[in-house]
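These numbers come from the heavy atoms of this one structure, side chains and all, not from hydrogens, waters or symmetry mates. Both counts, for ligands and for their atoms, begin at 1 and track the order of listing. For the single chain, residues carry numbers from 1 onward in sequence order.
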Amino acid sequence: MKIDILTIFPEICRGPLSESIMGRAQEAGAVEIVVHDLRDWTTDRHRRVDDEPFGGGPGMVMKVEPFFAAVEELRAEHTKVVLLTPQGTCFDQAMARGFSQEQHLILLCGHYEGVDHRVVEALVDVELSIGDYVLTNGAIAATVVVDAIVRLIPGVLGDDQSVEEESFSDSRLIEGPHYTRPREFRGMEVPEVLLSGHHAKIVEWRRQRAEERTRKNRPDLLG
Ligand code: ABV
């Protein structure tokens with residue numbers, strides 16, 4: 001898989017995407033991620049990427065020409081073009097799974113104020129947000145989306161078991177609590193059932209804790 005990110009803040013994406021699992025996924029050739037500076041597709045002396053909104057109003061709007069020049073240069077036969085915007089559909093795990101099957105993604109990052117709408121109409125396949133809050137620009141959102149997608153590419157997580165468990169476990173529930181050594185810390189004990197070796201009891205205990213935790217933290221998932 002190939003992923004191109006177009007942003008005026010490439011360094012925001014580069015650090016996170018070179019660390020840990022994302023770094024190893026690229027070294028192993030599972031994915032090629034290229035973070036581009038959108039200003040490389042400007043043609044004026046000041047490398048201008050935004051301008052005042054027609055009709056007035058606060059803030060600046062990202063200009064149409066650099067996005068067109070960049071996408072026309074980078075896109076191929078099977079390319080999905082995604083715009084990160086607070087006005088987009090909210091990204092979720094099912095969308096991450098879908099995108100992880102694509103050959104080529106181009107992620108466009110804009111300001112929170114917006115992008116010239118001709119970009120949306122003529123270039124963009126999907127408008128995506130990462131949540132109901134507003135970031136200053138799309139670079140962090142694009143990084144989040146890429147991380148969620150890349151970890152689903154086969155072979156990227158060392159053992160496929162954790163991904164498999166995710167997809168088979170009840171997706172209407174969040175996960176229950178986890179523990180590791182030591183068995184006791186400052187008087188706080190690891191629940192006895194987890195030390196019992198009784199697999200069926202452990203599975204049932206985890207399901208109950210998952211349900212409780214979902215009711216407390218994510219009642220919206222229970223409907
Ligand atoms: C993209 N906020 S996605 C660009 N939740 C600017 C802000 C922003 C996104 C999101």
Side-chain angles (χ1 to χ4, degrees), residues 1-19 22 31 33-42 47-75 79-102 104-152 171 174 217-221:
M1 177 183 220
K2 166 96 187 282
I3 303 176
D4 290 295
I5 302 177
L6 282 161
T7 170
I8 54 172
F9 303 111
E11 296 309 324
I12 291 179
C13 305
R14 282 189 186 127
L17 293 176
S18 66
E19 292 283 332
M22 293 302 114
V31 62
I33 303 172
V34 185
V35 187
H36 305 272
D37 187 339
L38 181 66
R39 290 189 200 277
D40 291 347
W41 283 274
T42 56
R47 313 224 307 158
R48 202 162 177 178
V49 291
D50 57 14
D51 207 339
E52 282 129 17
F54 278 124
M60 298 292 267
V61 175
M62 300 282 292
K63 291 172 65 60
V64 63
E65 301 98 318
F67 281 119
F68 265 74
V71 170
E72 285 173 351
E73 180 177 327
L74 295 172
R75 78 177 158 200
T79 301
K80 195 148 261 180
V81 180
V82 176
L83 174 68
L84 283 307
T85 164
Q87 288 85 39
T89 307
C90 199
F91 184 62
D92 64 14
Q93 191 64 20
M95 297 169 84
R97 231 174 278 128
F99 285 128
S100 74
Q101 317 264 336
E102 296 287 342
H104 183 207
L105 299 173
I106 301 179
L107 304 193
L108 310 181
C109 307
H111 290 158
Y112 64 91
E113 295 102 329
V115 172
D116 189 301
H117 202 64
R118 290 166 290 193
V119 170
V120 177
E121 288 172 326
L123 294 180
V124 168
D125 297 302
V126 193
E127 296 176 84
L128 275 194
S129 172
I130 61 163
D132 289 335
Y133 43 80
V134 182
L135 304 167
T136 53
N137 71 84
I140 291 174
T143 307
V144 167
V145 166
V146 168
D147 186 293
I149 293 168
V150 169
R151 69 182 282 283
L152 296 177
S171 61
I174 58 170
N217 294 350
R218 294 297 306 275
D220 56 301
L221 295 179

What's the shortest heavy-atom distance between Ile149 and Ala96, and which atoms?
CG1-O, 4.1 Å
If we only count heavy atoms from C-beta on, is the His117 to Val64 side-chain gap below 4.5 Å?
no
Could you work out, with salt bridge (Lys or Arg N to Asp or Glu O under 4.0 Å) as the rule, every residue matching Asp220, not counting sequence neighbours?
Arg218
Qualifying residues under side chain to side chain donor-acceptor pair (under 3.5 Å), relative to Glu102, sequence neighbours excluded:
Lys80
Could you give the N/O to N/O pairs under 3.5 Å linking ligand 1 and the protein, each with its distance?
residue  : atom  : partner : partner atom : Å
ligand 1 : 2 (N) : Leu135  : N            : 3.3
ligand 1 : 5 (N) : Ser129  : OG           : 3.1
ligand 1 : 5 (N) : Gly131  : O            : 3.3
ligand 1 : 5 (N) : Tyr133  : O            : 3.0

Is it the case that over 12 heavy atoms from other parts of the model lie below 6.0 angstrom from the CZ atom of Arg118?
no
The complete set of side chain to side chain donor-acceptor pair (under 3.5 Å) pairs with one or both residues in residues 3-15, sequence neighbours excluded, reads Lys2-Asp4, Asp4-His36, Asp4-His104, Glu11-Arg14
